[in-house]
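Since the structure comes first, as structure tokens, the remarks are kept for the end.
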Amino acid sequence: MNRYEEWMLAAISEASHAPETGDVPVAAIVYGSDGQILAVGRNEREKLQDPTAHAEIVAIRAAAEALGDWHLVDTTLVVTLEPCAMCAGAIVNARIPRVVFGAWDEKAGAAGSVHDLLRDRSLNHRVEVFAGIQAEACAALLLDFFGERR
């Protein structure tokens with residue numbers, strides 16, 4: 001098992017707690033250059049009644065606070081679901097160089113499925129993307145969550 005798979009398993013574990021607040025089970029972890037966790041976030045839109053409280057945004061804010069700098073250079077963001085356009089924009093603006101994600105989001109993904117904002121050559125920063133890491137386990141969290149609501 002490689003580093004990204006191990007990191008994704010940690011994100012999956014964190015995502016499994018999101019439904020406790022009625023939130024979609026998505027989690028994001030920002031790792032530093034030394035492989036240590038800088039910040040963890042999970043979806044909190046329902047909990048906070050905040051449409052911007054996606055896992056990536058929560059984790060990016062916490063990482064910036066932990067570092068005392070909004071430039072998250074030399075970090076890796078690991079997230080269980082392909083980032084949406086809002087989150088992709090935040091990733092680019094935070095200068096995060098690497099994103100590792102699990103499940104593809106065929107409806108709203110912005111890292112290669114619907115859009116590819118993370119590697120858009122017209123933007124001032126491009127991100128290296130590692131997609132489909134532990135994809136089945138990440139997708140299962142979402143399928144179980146939404147299956148219970150139908």
Side-chain angles (χ1 to χ4, degrees), residues 1-67 69-70 72-118 127-150:
M1 181 175 298
N2 69 36
R3 173 189 280 205
Y4 292 160
E5 290 173 322
E6 289 176 20
W7 289 358
M8 186 61 73
L9 291 176
I12 290 167
S13 177
E14 183 66 29
S16 70
H17 297 290
E20 295 167 8
T21 59
D23 284 288
V24 176
V26 177
I29 301 175
V30 179
Y31 287 90
S33 60
D34 59 359
Q36 295 299 310
I37 293 174
L38 292 175
V40 177
R42 62 178 179 236
N43 276 3
E44 295 184 345
R45 291 186 307 169
E46 298 299 327
K47 177 182 176 183
L48 301 176
Q49 291 301 298
D50 178 355
T52 69
H54 288 202
E56 299 95 323
I57 301 296
V58 172
I60 288 168
R61 287 177 178 157
E65 185 175 336
L67 292 174
D69 191 348
W70 63 268
L72 300 183
V73 297
D74 209 15
T75 63
T76 301
L77 176 72
V78 176
V79 60
T80 57
L81 179 64
E82 179 184 5
C84 70
M86 175 183 69
C87 294
I91 290 163
V92 169
N93 282 301
R95 311 299 194 268
I96 295 172
R98 280 170 304 287
V99 169
V100 176
F101 74 84
W104 290 93
D105 186 346
E106 299 295 334
K107 293 181 181 178
S113 62
V114 179
H115 304 285
D116 198 355
L117 295 176
L118 296 182
V127 179
E128 187 175 18
V129 176
F130 298 88
I133 307 299
Q134 296 287 336
E136 294 81 16
C138 293
L141 281 173
L142 296 164
L143 290 171
D144 291 347
F145 177 81
F146 289 113
E148 291 175 9
R149 282 165 173 61
R150 290 188 177 116

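Every heavy atom of this structure was used, including side-chain atoms; hydrogens, water molecules and symmetry mates were not.
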Item to check | Pairwise distance CD(Glu44) to OG1(Thr52) - rounded to 0.5 angstrom | outcome: 10.5 Å
Checklist entry - Considering only heavy atoms from C-beta outward, does the side chain of Arg98 approach that of Asp74 to under 4.5 Å? => result yes
Checklist outcome for this item: The reported gap from CG in Asp23 to CG in Leu48 (rounded to nearest 0.5 angstrom) is 7.5 Å
Item to check | Verdict with reasoning, Leu117 to Val127, per side chain to side chain contact (heavy atoms under 4.5 Å, CB included) | outcome: CA-CA 9 Å; Leu117 295 176; Val127 179; over 6 Å; no
Checklist entry - Is atom CD of Glu46 surrounded by more than 12 heavy atoms (other residues, nucleotides or ligands) closer than 6.0 Å? => result yes
Item to check | Non-hydrogen side-chain atoms of Leu77 and Glu56 separated by less than 4.5 Å | outcome: yes
Checklist entry - Would you say Glu5's side chain and Asn2's backbone share a donor-acceptor pair under 3.5 angstrom? => result yes
Item to check | Sub-4.5 Å side-chain heavy-atom contact between Ile91 and Leu72 | outcome: no
Item to check | Residue list, side chain to side chain donor-acceptor pair (under 3.5 Å) with His17, at least two apart or on another chain | outcome: Glu20
Checklist entry - Which heavy atom of Ala63 sits nearest a heavy atom of Ala39, and at what distance? => result N-CB, 3.3 Å
Checklist outcome for this item: When every non-hydrogen atom of Ala15 is compared with those of Leu141, the smallest separation belongs to CB-CD1, 3.7 Å
Checklist entry - Side chain of Arg95, backbone of Asn93: donor and acceptor closer than 3.5 Å? => result yes
Item to check | Test item: Asn43 side-chain N/O and Pro25 main-chain N/O as donor-acceptor pair under 3.5 Å | outcome: no
In a table with atom names and distances, give each donor-acceptor pair under 3.5 Å that connects a side chain of residues 78-89 to protein atoms at least two apart or in another chain.
unit_1	atom_1	unit_2	atom_2	d
Thr80	OG1	Ala27	N	3.2
Glu82	OE1	Asp105	N	2.9
Glu82	OE1	Ser113	OG	2.7
Glu82	OE2	Ala110	N	3.4
Glu82	OE2	Ala111	N	2.9
Glu82	OE2	Gly112	N	3.2
Glu82	OE2	Ser113	N	3.0
Glu82	OE2	Ser113	OG	3.0

Checklist entry - Taking it one step at a time, do Gln134 and Leu9 satisfy side chain to side chain contact (heavy atoms under 4.5 Å, CB included)? => result CA-CA 8 Å; Gln134 296 287 336; Leu9 291 176; 3.9 Å; yes
Checklist entry - With under 30° as parallel and over 60° as perpendicular, where do the rings of Trp7 and Tyr31 fit, or are they tilted in between? => result parallel
Next on the checklist: Just so I know, are the side chains of Thr75 and Pro97 near enough to count as touching, which here means a heavy-atom distance under 4.5 Å?
Outcome noted: yes
Checklist entry - Nearest heavy-atom pair of Cys138 and Ala103: which atoms, and what distance? => result CB-N, 3.7 Å
Checklist outcome for this item: Here the gap from Ile29 atom CD1 to Ser13 atom OG, rounded to the nearest 0.5 Å, amounts to 8.0 Å
